[in-house]
**Student:** 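The following block contains the structure, expressed as structure tokens.
A note on names: the letters A, B, ... follow the listed sequences, proteins ahead of strands, and every chain is numbered from 1. These figures come from a predicted structure and were not determined experimentally.
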There are 2 protein chains.
Amino acid sequence: MSISPDTKDRILSTARELFHSRSYADVGIKEICTLARVQKGSFYHFFPSKQDLAMAVIDDMSDDWAHGFVAEAFDEALPPTERLDYMVDAVYYWQKAAKNVEGRMPGCLFGNLALEVSTRDEVIRARLNAVFAKASARFHETLDQAVENGSIPPLDTEATATAMLAYLEGVILLAKTRNDPEVVRILGPGIKTIRIELKPTN
Amino acid sequence: MSISPDTKDRILSTARELFHSRSYADVGIKEICTLARVQKGSFYHFFPSKQDLAMAVIDDMSDDWAHGFVAEAFDEALPPTERLDYMVDAVYYWQKAAKNVEGRMPGCLFGNLALEVSTRDEVIRARLNAVFAKASARFHETLDQAVENGSIPPLDTEATATAMLAYLEGVILLAKTRNDPEVVRILGPGIKTIRIELKPTN
DNA sequence: TTGACTTGACCGACCGGTCTAATATACTTG
DNA sequence: CAAGTATATTAGACCGGTCGGTCAAGTCAA
């Protein structure tokens with residue numbers, strides 16, 4: 001078989017799909033290799049361990065997000081409130097599409113991995129935490145702008161931003177457990193009502 | 001060795017601890033047996049499979065909750081708003097205590113299992129869904145009473161109840177990823193601000 | 001010729017689960 | 001009560017399969 005320049009990419013995207021639609025522990029390297037049409041030796045040429053693969057998958061998807069629908073959702077041209085709507089809609093349509101293809105709602109890869117491995121693997125946990133921190137920062141900017149232009153009353157924008165991210169993850173968790181993307185559509189709008197008040201600065 | 005009448009209970013509580021502090025896939029039956037001081041033959045005498053064990057663990061913990069702090073939190077004697085505070089506080093102190101003992105925040109067993117196995121195991125997924133439905137029902141009652149006694153304006157109590165549960169799970173997810181129970185204390189109060197409006201009944 | 005990449009056999013450890021034999025308890029009799 | 005029997009429980013060796021990971025021998029392009 002000839003050398004294909006995209007071997008690493010094939011491994012990465014295959015692993016990403018499998019980890020997302022099942023779980024970290026449930027997907028073996030052998031299975032990834034088979035689906036990616038790669039031999040084990042090649043795999044370990046590119047990734048020293050399964051843990052390294054997981055890190056690469058996380059980075060890969062995080063980048064895709066940052067340059068994909070997250071960038072669109074948090075477009076500075078959009079009014080702050082609409083950005084939240086956009087985000088919820090994007091999650092809804094994404095999960096719905098995924099369910100139509102696979103029959104099951106995969107949920108959020110980061111959330112899935114976080115709950116599965118963060119008590120066992122400090123390195124992965126830290127990486128996932130960084131991804132969440134970045135996501136939270138986008139909400140934070142949005143809220144700061146909303147407060148600045150007066151569209152919402154002052155509040156603890158940093159805490160509320162994190163709260164909104166938490167809410168989104170929680171909604172996805174429940175929707176996945178119900179295997180019903182409609183949960184996202186119904187509960188999603190609630191994200192705009194979350195408020196954490198400023199701590200009195202005395 | 002003598003026959004001990006609580007073999008099944010030992011297996012159950014050991015499995016519960018291990019599943020909670022690690023994950024379903026990461027904990028083997030052999031390890032459970034060793035810690036519970038039980039032989040494999042005995043294990044499979046009481047539980048036909050690992051899946052059955054998981055179901056039993058879920059039921060076990062669900063019952064403990066229902067008769068434990070959930071019953072206290074949703075005590076009808078408490079004003080509805082205080083019940084939400086109680087719930088958040090309980091989660092906070094519980095997670096904090098667990099972290100002090102084990103060094104890591106275990107999060108919510110149900111949430112953990114839901115994200116790990118619900119794409120692979122319909123039976124467990126359905127059971128977890130039922131547990132969430134029961135929890136959501138408690139929030140629902142609470143909100144109905146709050147609306148009834150006028151302490152909050154009318155809203156879609158059913159959807160909001162689910163949204164609150166989602167928020168709680170999301171907060172726990174983020175806290176676990178940060179391995180910091182303080183996240184629960186800081187974001188927790190936000191649960192009372194979540195509102196999902198009634199759909200216009202036309 | 002070098003070095004990146006591929007091949008696929010191989011490794012020990014562990015997985016969930018099975019099985020037979022032993023043992024303790026409970027139930028039935030005389 | 002004693003003896004015998006059925007049943008519940010325990011003991012632990014054993015099974016095929018899979019796990020993450022290794023390795024020596026190639027194959028290719030530069």
Side-chain angles (χ1 to χ4, degrees), chain A residues 1-58 113 116-125 127, chain B residues 1-58 113 116-125 127:
Chain A
M1 187 149 303
S2 65
I3 291 179
S4 47
D6 59 342
T7 303
K8 191 173 181 178
D9 289 339
R10 281 209 315 281
I11 295 171
L12 219 39
S13 66
T14 305
R16 181 165 132 178
E17 279 169 31
L18 291 178
F19 286 156
H20 194 182
S21 67
R22 308 240 290 287
S23 74
Y24 180 65
D26 194 47
V27 176
I29 276 133
K30 190 182 171 187
E31 185 181 2
I32 295 170
C33 289
T34 304
L35 264 88
R37 284 160 295 125
V38 163
Q39 298 293 340
K40 229 165 184 196
S42 296
F43 176 93
Y44 279 98
H45 173 73
F46 291 107
F47 301 98
S49 70
K50 194 183 181 185
Q51 188 198 51
D52 282 271
L53 171 66
M55 302 287 274
V57 165
I58 293 166
L113 285 175
E116 183 183 356
V117 306
S118 54
T119 49
R120 273 189 303 158
D121 192 315
E122 267 297 305
V123 183
I124 298 183
R125 204 213 87 233
R127 192 76 125 232
Chain B
M1 186 152 302
S2 64
I3 290 179
S4 48
D6 60 341
T7 304
K8 192 173 180 178
D9 290 340
R10 281 209 315 280
I11 295 171
L12 220 38
S13 67
T14 305
R16 181 166 134 176
E17 280 169 30
L18 291 179
F19 286 157
H20 193 183
S21 68
R22 308 240 289 287
S23 74
Y24 180 65
D26 193 47
V27 176
I29 274 133
K30 190 181 171 187
E31 185 181 2
I32 295 170
C33 289
T34 304
L35 264 88
R37 283 160 297 121
V38 163
Q39 296 295 339
K40 232 171 184 190
S42 297
F43 176 92
Y44 279 98
H45 172 72
F46 290 107
F47 301 98
S49 70
K50 195 183 181 185
Q51 188 198 51
D52 283 271
L53 172 66
M55 302 287 274
V57 165
I58 292 167
L113 286 176
E116 183 183 358
V117 307
S118 53
T119 48
R120 273 189 303 156
D121 193 315
E122 267 296 305
V123 183
I124 297 183
R125 204 214 88 233
R127 191 78 125 232

**Student:** In whole angstrom, what separates B/Lys8's NZ from D/dA8's C1'?
**Tutor:**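 These atoms are roughly 13 Å apart.
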**Student:** Could you state the CD-P distance from A/Gln39 to C/dA4, rounded to the nearest angstrom?
**Tutor:** 21 Å
**Student:** Any chance you could measure B/Gln39, atom CD, to B/Lys30, atom NZ, to the nearest 0.5 Å?
**Tutor:**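 Reported to 0.5 Å precision, the distance equals 11.0 Å.
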**Student:** Excluding sequence neighbours, so at least two apart, what forms side chain to side chain contact (heavy atoms under 4.5 Å, CB included) with B/Phe47?
**Tutor:** B/Lys8, B/Ile11, B/Leu12, B/Phe43, B/Leu53, B/Ala56
**Student:** Could you check which residues of residues 14-33 of chain A get a heavy atom under 4.0 Å from DNA chain C? Sort them by number, please.
**Tutor:**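 Going residue by residue through residues 14-33 of chain A, none turns out to have a heavy atom under 4.0 Å of DNA chain C.
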**Student:** Rounded to the nearest 0.5 Å, what separation is found between the CE atom of A/Met55 and the CG atom of A/Leu113?
**Tutor:** 11.5 Å
**Student:** Taking side chain to side chain contact (heavy atoms under 4.5 Å, CB included) as the test, write out the residues that go with A/Arg22, two or more places apart.
**Tutor:**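 Side chain to side chain contact (heavy atoms under 4.5 Å, CB included) list for A/Arg22, sorted by chain: A/Leu18, A/Asp26, A/Val27, A/Glu31, B/Arg120.
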**Student:** In whole angstroms, how far is the C1' atom of D/dT22 from the NZ atom of A/Lys40?
**Tutor:**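 After rounding, the gap between these two atoms is 9 Å.
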**Student:** Do side-chain atoms of B/Arg16 reach the backbone of B/Val57 as a donor and acceptor pair under 3.5 angstrom?
**Tutor:** no
**Student:** Quick one: does B/Glu116's side chain have a donor or acceptor within less than 3.5 Å of a partner on B/Ala25's backbone?
**Tutor:**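 Yes.
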**Student:** Using the test side chain to side chain contact (heavy atoms under 4.5 Å, CB included), find all partners of A/Gln51 that sit at least two apart in sequence or belong to another chain.
**Tutor:** A/Tyr24, A/Ser49, A/Asp121, A/Val123, A/Ile124
**Student:** Heavy atom of residues 42-52 of chain A under 4.0 Å from DNA chain D: which residues?
**Tutor:**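 Within this stretch, A/Tyr44, A/Ser49, A/Lys50 sit under 4.0 Å of the strand.
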**Student:** Taking only residues two or more places apart in sequence, or in another chain, which ones meet A/Ser21 in a side chain to side chain contact (heavy atoms under 4.5 Å, CB included)?
**Tutor:**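 Side chain to side chain contact (heavy atoms under 4.5 Å, CB included) list for A/Ser21, sorted by chain: A/Glu102.
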